[in-house]
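Input: a single structure, listed below in C-alpha cells.
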Amino acid sequence: MFKISPSILSADFTRLHRDISRAIEGGADYIHVDVMDGHFVPNITIGVPVVRSIRKAFPDVCLDVHLMIDHPDKYADAFIDAGANILTFHLEAPGAADPAGLLKYIRSRGVKSGLTIKPATPVEDIRHLIPLCDLILIMTVEPGFGGQEFIPYTMDKIVQTRKLIDGLNPACELEIDGGVDERNLLSTIRAGANVIVMGSAVFREGEDPAERLKLLRSAGNGSKN
Ligand code: DX5
Ligand code: ZN
C-alpha cells in the first residue's frame, strides 16, 4: 500500500480550501506543503501562516511540511507550532550543520522527523542518520519548482535508499518528490518508494483533484484504466 501526498504548490491558492478538500475526498493520505525561501532554492512560496490556516481548517489532516530553506533549525519550532505533523529539512541547507540534533529535536516535539537530499547528493551521506528519521525524502527533481520532469538517475537512489531503510530502520517512510504522474508512478513504487508527492499530476486547471487522485491511485496499484 502506498501513500499519496498531494503538493499544494500546484493548487489554486485563491481556492485552497476547495482544492485541499477535494484532495482529501479523493483519498490523499497527507497534504504536502512546499516552503521555499528564495535562498536555498531560487523561488519563494508559502510559510508559517498558511500552515497554521490549513491546520485550523483541517484539524485531522496529516501536514507533510517540506522545508527548502536555509537555517531550518531556526524555523522548526514555528512550523511545529503552526501544525506540521511531518517536518522535513534538507541535509544541504546552510544552518543544518547538526542534522542529528535537529532530527532528535523534531521528534522530541512529537512531530515526525524528515530528512531530504537533492538529486546530486549521494544516499551514503545520510546512512548514519536513518535511525533518527521517520521519513526520508529523495528528491526526484531539483527542488524549487513544480511541473518538472522526473530525473531518471534518481530511480537508482530510491532502490539504494529502500535497501538502507530496510536494514537500518524499517519503520521509516521513503518519500519521493517531483515529476511523478500516472506514467511513472508504478515504477517508483516498485523501486521502493511508499509515499509519493505529486503536485501538477493532482492539481490541474479545470480538473477535479479527487478524480485525478482516483486515477493516480489505480495507476499506482497497477491497473491500466
Ligand atoms: C519541488 C517541490 C515539489 C513539487 C512537486 O521543489 O518540492 O513538492 O511541488 O511538483 P510536481 O509533482 O509537479 O513535480
Ligand atoms: Zn516538496
Side-chain angles (χ1 to χ4, degrees), residues 2-13 16 19-20 23 26 28-47 50-51 54 61-70 72 75 79 84-93 96 112-121 133-155 157-158 161 173-189 193-207 209 212-213 215-217 219-220:
F2 66 99
K3 295 177 183 170
I4 300 180
S5 189
S7 164
I8 59 167
L9 189 56
S10 293
D12 178 345
F13 286 130
L16 193 52
D19 279 2
I20 293 176
D29 297 282
Y30 302 156
I31 292 294
H32 186 84
V33 183
D34 286 307
V35 178
M36 306 187 193
D37 66 352
H39 292 276
F40 181 70
V41 289
N43 193 10
I44 300 177
T45 55
I46 53 186
V50 176
V51 173
I54 299 172
V61 79
C62 180
L63 284 180
D64 170 25
V65 177
H66 176 192
L67 299 181
M68 284 160 276
I69 62 173
D70 288 359
Y75 296 93
F79 282 98
N85 299 98
I86 304 169
L87 191 64
T88 300
F89 64 93
H90 272 268
L91 182 71
E92 307 89 351
K112 290 192 174 175
S113 59
L115 183 64
T116 180
I117 50 174
K118 294 193 207 182
T121 303
C133 295
D134 297 309
L135 179 145
I136 300 281
L137 167 55
I138 297 295
M139 289 305 298
T140 46
V141 297
E142 252 345 293
F145 299 92
Q148 303 181 73
E149 286 290 311
F150 184 94
I151 298 173
Y153 75 77
T154 61
M155 197 66 94
K157 293 181 74 182
I158 303 172
T161 310
E173 301 209 273
L174 173 43
E175 181 174 65
I176 60 160
D177 184 3
V180 184
D181 63 16
E182 57 269 41
R183 294 168 301 172
N184 56 0
L185 173 60
L186 184 57
S187 48
T188 65
I189 294 166
N194 79 296
V195 182
I196 318 297
V197 177
M198 286 179 278
S200 51
V202 173
F203 301 106
R204 289 183 176 172
E205 206 176 335
E207 292 190 52
R212 289 293 306 158
L213 272 163
L215 184 147
L216 291 162
R217 179 75 64 189

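Both ligands and their constituent atoms are indexed starting at 1 by order of listing. In this chain, residues are counted from 1 in sequence order. Note: hydrogens, waters and symmetry copies are ignored here, and every other heavy atom, side chains too, is used.
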For [atom], grab the closest protein heavy atom and report residue, atom and distance to one decimal in Å.
atom                    : result
atom 10 (O) of ligand 1 : G146 CA, 3.6 Å
atom 13 (O) of ligand 1 : S200 OG, 2.5 Å
atom 3 (C) of ligand 1  : D177 OD1, 2.9 Å
atom 6 (O) of ligand 1  : G144 N, 2.7 Å
atom 1 (C) of ligand 1  : F145 O, 3.5 Å
atom 12 (O) of ligand 1 : G199 N, 2.8 Å
atom 14 (O) of ligand 1 : G179 N, 2.8 Å

Check: Is there at least one pair of N or O atoms, one from G147 and one from ligand 1, spaced under 3.5 Å apart?
Finding: yes
Notebook entry, point to check: Judging by distance only, is a nitrogen or oxygen of E142 under 3.5 angstrom from one on ligand 1?
Noted result: no
Would a distance-only check, ignoring hydrogens and angles, find a side-chain to backbone donor-acceptor pair under 3.5 Å from [X] to [Y]?
X    : Y    : result
D37  : F40  : yes
S10  : S200 : yes
E175 : V197 : no
D29  : I4   : yes

Next item on the list: Check H66 and report its N/O/S atom nearest to the Zn ion (ligand 2), by atom name.
Entry: ND1
Next item on the list: Check all N, O or S atoms of D34 and name the one closest to the Zn ion (ligand 2).
Entry: OD1
Margin query: Between H32 and D34, is there a side-chain donor-acceptor contact under 3.5 Å, judged purely by atom types and distance?
Written below: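 There is such a pair (donor and acceptor under 3.5 Å, judged by atom type) between the side chains of D34 and H32.
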Margin query: Given the Zn ion (ligand 2) as the apex, I'd like the angle to OD2 of D177 and NE2 of H32, rounded to 10 degrees.
Written below: 100°
Check: With P119, which of I138, T154, V141 fulfils side chain to side chain contact (heavy atoms under 4.5 Å, CB included)?
Finding: T154
Item checked: Passing option when P6 is tested against L216, D64, L213 for side chain to side chain contact (heavy atoms under 4.5 Å, CB included) -> L213
Next item on the list: Answer yes or no: is there a side-chain heavy-atom contact under 4.5 Å between M155 and T188?
Entry: yes
Next item on the list: Answer side chain, backbone, both or neither: which part of S7 comes under 4.0 Å from ligand 1, heavy atoms only.
Entry: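 Just the side chain.
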